[in-house]
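Data block below; observations after.
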There are 2 protein chains.
Amino acid sequence: MTKNTQGGETSLAETADDALDVFKALSNPVRLQILQWLREPRKNFPVERGIADPDEVGVCVSHITEKTELAQSTVSSFMSVLERADLVIATRVGKWTHYRRNEERIRQLVEMLGRTL
Amino acid sequence: MTKNTQGGETSLAETADDALDVFKALSNPVRLQILQWLREPRKNFPVERGIADPDEVGVCVSHITEKTELAQSTVSSFMSVLERADLVIATRVGKWTHYRRNEERIRQLVEMLGRTL
DNA sequence: GAGTAAAATCGTAATATCACGATAAAACGG
DNA sequence: CCGTTTTATCGTGATATTACGATTTTACTC
């Protein structure tokens, strides 16, 4: 994990450096696509693989890997890029690492862009 | 020029592909910085170089080059990346190519991100 | 037309990102 | 503890981006 301990509260100030990380993370078509898919986990990942509720905890890496048709290692590193940019939150449930969107952070981000961009 | 003939009207639909170009354009610290500088041309580029009004037509490449401390050729290509992403508008006045922010497009973009991101 | 100044284009080396397979680490089941 | 499954990490080629100097194009001036 990177900054926050996956918990609820989020830090206030968004620096310009944060923005750069976000833009870098989003400047790849597959990563952008994955973030879109995660908007509706149940719709875009119909087959159940992990045990947990996708709306709760997100979608596991193996499932995302299948959909992207990229290698597992590639998707794994893509997901950590998205995580480092705080765009997604990782939760490990058993063997599965589930990723879900960090909706609060994304909202903050859009709001920040509205001010600073 | 790329799409619109530098005129006033803007196309409606923003595709996801456009978004990718924008993110790519903004995923470089210097390009991001330049876009910020262009928010206040008179403040950030006090010395007059071109003839035209900076608030009207923008800031010329040589002036931006000085401030970035990069080579002229680098800045020139950076500016065309920003232009291809429709984030800035180029206007040639004599020998000088002036760049200014495409505020309308940037607003649209932020609004689009609020919906789709 | 010759000379000059600003910007764009071209060729290039250095660096970063992408995408992979192989391997290691984590977590479980028997 | 051993085997299996899932994910993470590592090493490596392929491709893309960065940044430069040299050259070309554009536009002005004499």
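Letters A, B, ... are given to chains in the order of the sequence lines, protein chains preceding strands, and every chain is numbered from 1.
The nucleotide whose nearest atom lies closest to any side-chain atom of B:Arg92 is, among C:dA6, C:dA27, D:dG21, C:dA6. Here C:dA6 is the nucleotide among C:dA6, D:dC20, C:dA26 with the atom lying nearest to any side-chain atom of B:Trp96. For B:Thr97, counting side-chain heavy atoms from C-beta on, the closest listed nucleotide (D:dT7, C:dA8, D:dC20) is C:dA8.
Side-chain atoms of B:Arg92 come within 3.5 Å of backbone atoms of B:Gly94 as a donor-acceptor pair (strictly under, hydrogens ignored). Formation of a donor-acceptor pair under 3.5 Å by the B:Arg39 side chain with backbone atoms of B:Arg101 is not found in this model. The main-chain N or O of B:Met112 is found under 3.5 Å from a side-chain atom of B:Thr116 such that the two form a donor-acceptor pair. Looking at B:Lys67, its side chain never comes within 3.5 Å of a backbone N or O of B:Trp37 through a donor-acceptor pair.
Per the geometry, NE2 belonging to A:His98 stands 11 Å off P belonging to D:dA8, to the nearest Å. A straight line from CZ of A:Arg84 to P of D:dA8 spans 12 Å, rounded to a whole angstrom. Residue A:Asp21 contributes atom CG, which lies 10 Å from atom P of C:dT17 at whole-angstrom precision. As rounded to whole Å, 14 Å separates atom P of C:dA6 from atom CD1 of B:Ile64. Computed from coordinates, the A:Ile34 CD1 to C:dA19 P distance equals 11 Å when rounded to whole Å. Rounded to a whole Å, the CE atom of A:Met79 is 14 Å from the P atom of D:dT9. A straight line from CG of B:Leu82 to P of C:dA8 spans 12 Å, rounded to a whole angstrom. One interatomic measurement links the two molecules: CD of B:Glu69 to C1' of D:dC20, which rounds to 15 Å at whole-angstrom precision.
Evaluation of the salt bridge (charged side-chain N to carboxylate O under 4.0 Å, His left out) rule for A:Arg31 yields no partner, not counting sequence neighbours.
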Inset, instruction - Give the B/S/- string for nucleotides 12-18 of chain D, one per nucleotide from 5' to 3', where a protein heavy atom under 4.0 Å of the base yields B, of only the sugar-phosphate yields S, and otherwise -. - result: ------S
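Between A:Ser77 and D:dA8, a side-chain N or O to OP1/OP2 separation shorter than 4.0 Å is absent. Under 4.0 angstrom from either OP1 or OP2 of C:dA22 there lies no side-chain N or O belonging to A:Ser73.
The distance from atom CG of B:Asp86 to atom CD1 of B:Ile106, rounded to the nearest 0.5 Å, is 10.0 Å. A distance of 10.0 Å separates CG of B:Leu35 from CG of B:Asn102, quoted to the nearest 0.5 Å. Separation of atoms OG1 (A:Thr68) and NE2 (A:His63) is listed at 11.0 Å; rounding is to 0.5 Å.
Closest-nucleotide positions on DNA chain C for A:Leu70 and B:Tyr99 were compared, and the one nearer the 5' end corresponds to B:Tyr99.
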Can you name the atoms? Protein N/O to nucleotides 28-30 of chain D N/O, anything below 3.5 Å, with the distance.
none

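With a 4.5 Å cut-off on side-chain heavy atoms, A:Ile64 and A:Phe45 count as touching.
One can find a donor-acceptor pair under 3.5 Å joining the base of D:dA8 and the side-chain atoms of A:Gln72.
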Inset, instruction - Determine, stepwise, if the pair A:Arg115 / A:Glu111 fulfils salt bridge (Lys or Arg N to Asp or Glu O under 4.0 Å). - result: CA-CA 7 Å; A:Arg115 278 184 291 109; A:Glu111 190 266 329; 2.9 Å; yes
